[in-house]
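Start at 1 and go down the list; that is how both ligands and their atoms are numbered. Heads up: numbering here begins at 1 and tracks the sequence.
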Amino acid sequence: MTTTVTLTGTGVPFPSPDRAGPGVLVSHSDVHLQIDAGRSTVMRLAQAGISPHQLSALLLTHLHSDHVSDVADLVHTRWVQDHMHGTGPLPVVAVAGHAPGFVRRVLAANEFDVNVRVQHVQDGPPEVIGHWFDLPDVPAEVWRSPCDRVGVEAVRVRHEPVEQAVGYRVTTPDGVVVVSGDTRVCDEIAALSAGADVLVHEACRSSALAEAVKGTRFETIFSYHADTVALGAMARRVGVPHLVLTHLIPAPTSPEQVAEFEDEVRQGGFEGRVSVGHDLLSVTVGDAAGA
Ligand SMILES: [Zn+2]
Ligand SMILES: [Zn+2]
């Protein structure tokens, strides 16, 4: 048995033809967890061979729009297909604060379609199963698969001005995968990553581009994302064997720019394996051969 980690999107709010909005799919056997659902997540999942009805849960890190813009499509498509699959409402795991209202409004926006479909083919309106949790200052279990083989812990991260932001640690019989969500390099993710096999972390070239963005809005934006050099230092300290970079700021458009992300992580002292993410990059956990 293996656990796979597939990047369903490595992009950011600015559109990029090759990069869907942020998302990570963690799969173990028939347990499929989608973490965040940015732009075109449903399409990337289809490319990865996963349909919305197969998801065990959708986990949200925070509500910046780039991470949730495809929640509507994901939930609605699962509902439209439910008469074929009967898997029922999608479980949604998120911080209790803003997320329940967001999901409710997303579903309400399709009121016209819902009314038409309920009159003709659907048994009732779309719903989700909310697993809302209080923002945890220390890692806390927030979801467990019915088969008991896969558990998820969450911890708050440092993405202020967004207070309600978390990273997730997924534990399967094969190993541990940590997904940072959006955050500065922080002690919370360092602690969450102890003993992890794979750390999927957002990456921003803050140090390298400091002069170029000085005095611009980007300087402010970069301040709440993870500097590549500091990330390398943290990953070294934690001793994680494989660092996967995603949510790449700015999106690399050439092999040279891809290499710069890795170079900067190395400058931070990280000597383990680095994968600079691209959409549908898939990494295997619990297989000595790797992938
Ligand atoms: Zn964000
Ligand atoms: Zn983001």
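- Of all N, O or S atoms in D182, the one lying closest to the Zn ion (ligand 1) is OD2.
- Using a 4.5 Å cut-off on side-chain heavy atoms (C-beta onward), D113 and W79 make contact.
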(message) For T253 and Q257: C-alpha separation, side-chain torsions, deciding distance, then whether side-chain hydrogen bond (donor to acceptor under 3.5 Å, both in side chains) applies.
(response) CA-CA 7 Å; T253 55; Q257 290 177 5; 3.2 Å; yes
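- At a threshold of 2.8 Å, the Zn ion (ligand 1) has a backbone or side-chain N, O or S atom of H62 nearer than that distance.
- Of all the N, O or S atoms in H64, the one closest to the Zn ion (ligand 1) is ND1.
- Sparse packing is recorded around CG of D134, with 12 or fewer heavy atoms of other residues, nucleotides or ligands lying under 6.0 Å away.
- For R236 (side chain) and G269 (main-chain N/O), a donor-acceptor pair under 3.5 Å exists by modelled atom type.
- Within 6.0 Å of atom CZ in R266, more than 12 heavy atoms from other residues, nucleotides or ligands are found, so the atom counts as buried in its surroundings.
- Residue side and main chain included, D66 places no N/O/S atom under 2.8 Å of the Zn ion (ligand 1).
- Among the atoms of H247, an N, O or S atom falls under 2.8 Å from the Zn ion (ligand 2).
- Within the 2.8 Å limit, H67 places no N, O or S atom next to the Zn ion (ligand 1).
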